[in-house]
Amino acid sequence: MTPPPPDLAIVGGLREDYFITPSGEVHIKEIGGNALYAAVGAAIWKKRVGIISRVGENYPREWIDQFEAKGFDTSGIKIVEGQHDTRTFYAYLSLEERVDNNPSAHFARIGQPLPPELKDYNTSTEGQEDRQRFGELAVRPTDVPKIFEDVQSLHISPCDYLTQRTLPEAMRSAGIKTITCDPSVRFMQPSLKKEVAEVVRGLSAFIPSEMEARSYYRNENIDLWEACAEFNAMGCAIIVIKRGSNGAYLFNNNEKWHIPSYPVTVRDVTGAGDAYSGGFNVGLAEKADPLEAALRGAVSASIVVENIGALNSLDVNPNLAEARLNSLRESVRKL
């Protein structure tokens, strides 16, 4: 029996995660990547999600099989010839502070040897700011299967500038109306204002994290509402700045809302922002209401941070998301 086509599509990276939690717990070669976490955030709302990504021949085929077993459409995962590095390392210094380089120092900090898989590791985001060429694992418009052109919505996770610059226009031409984007911190730089504006213009919603917004200004004291207004002026009506445990700011044509995070016992914050974006995309496509979208994003993030590992978040009580949605709605504040 042929599975139904996807309702929405997620673009981004599929990775092998190596990370240290705030409590010093070590995880080696976990299934990860922002595309997967965003897809999970969307699938929590009982949607069939397609993943669009590139991996090398060395990427574990059994992981793709697991995605299919969970109901994801994997026909948009392109296996690129050759061996390609999909490792990602990060260490949490707290629930709010994460670093993604120098793994040897962080393993030494917790008194553990550096895993041999990370001996030559540098960074997982090298070259994402390149304005001249696509990286080997960067999604091109030509990578999108025809079946994905019929989806209701598309979300682009942090990835190469050229992917985020070219894909929205191509997908709008194919008829997709709801397109959201979370930028890469690599090109959120004061010297690249023109390039950032080219990414933002025409989106349904722009969804940076607080770290990405502050990186754009290189100013820790920037007023985040002023940042929302500047991004809005670039040609995108809906701006969301994700603030981790501090919730999210929603700016919609000069209306300002604060959506708190849903209170949970946090086990691992990996992928929380990506899950938020996936949930937000579902809500915006379904309800055409930015506030309802932001609420769904917050609920998706709350479910992901309670679990370790992206796919485990799909095994929760199927009624949990709706219950949290109804509860969180009462806590929203218009500013």
Taking only Lys NZ, Arg NE, NH1 and NH2, and the carboxylate oxygens of Asp or Glu, determine whether [X] and [Y] approach each other closer than 4.0 Å.
X	Y	answer
Lys146	Glu149	yes
Asp17	Arg15	no
Glu136	Arg54	no
Arg131	Glu195	yes

Main chain of [Y], side chain of [X]: is a donor-acceptor contact present, judged purely on distance under 3.5 Å?
X	Y	answer
Ser302	Val299	yes
Glu212	Ser209	yes
His258	Asn246	yes
Lys242	Gly273	yes
Glu57	Gln83	no
Asp143	Ser53	no
Arg324	Tyr262	no
Asp160	Leu162	no
Arg267	Thr265	no
Ser215	Met188	yes

Do Glu62 and Ile31 have side chains that get closer than 4.5 Å, going by heavy atoms?
no

Given side chains that start at C-beta, do those of Lys47 and Glu286 come closer than 4.5 Å, heavy atoms only?
yes

Validation row, ring centre Tyr121 to ring centre Tyr18 under 6.0 Å
no

With ring centroids as reference points, do Phe19 and Tyr90 lie under 6.0 angstrom apart?
yes

Run the numbers on Thr270 and Ile308 for side chain to side chain contact (heavy atoms under 4.5 Å, CB included), then give the verdict.
CA-CA 8 Å; Thr270 303; Ile308 292 178; over 6 Å; no

Ignoring hydrogens, what is the shortest heavy-atom contact between [X] and [Y]? Give both atom names and the distance.
X	Y	result
Val269	Val305	CA-CG1, 3.9 Å
Asn307	Asp268	O-CB, 3.8 Å
Gln164	Pro158	NE2-CA, 3.7 Å
Phe148	Ala9	CD2-CB, 3.5 Å
Ala42	Leu8	CB-CD1, 3.8 Å
Ala35	Leu14	CB-CD2, 4.3 Å

Hydrophobic clustering (ILVMFWY, side-chain heavy atoms < 4.5 Å, transitive) - are Val266 and Tyr276 grouped together?
yes

If we ignore angles and hydrogens, is there a donor and acceptor under 3.5 Å between the side chains of [X] and [Y]?
X	Y	answer
Tyr249	Arg243	yes
Asp315	Ser313	no
Ser94	Glu97	no

Could you measure the distance from the OG atom of Ser277 to the CZ atom of Phe280? Nearest 0.5 Å is fine.
8.5 Å

Exactly one of Val304, Ile44, Ile303 clears side-chain contact (heavy atoms from CB on, under 4.5 Å) with Val316, and that residue is Ile303

Yes or no on side-chain hydrogen bond (donor to acceptor under 3.5 Å, both in side chains) for Asp274 and Ser157, after CA distance, side-chain angles and deciding distance?
CA-CA 7 Å; Asp274 300 307; Ser157 302; 4.7 Å; no

Between Leu311 and Phe72, does a side chain to side chain contact (heavy atoms under 4.5 Å, CB included) hold up when you go through it step by step?
CA-CA 11 Å; Leu311 296 178; Phe72 294 116; 4.1 Å; yes

Pairs in or reaching into residues 31-60: which pass ring-ring contact (aromatic ring centres under 6.0 Å, His included), with residues at least two apart or in two chains?
Tyr59-Trp63

Over 60° means perpendicular and under 30° means parallel, so classify the ring planes of Phe89 and Phe107, tilted if in between.
tilted

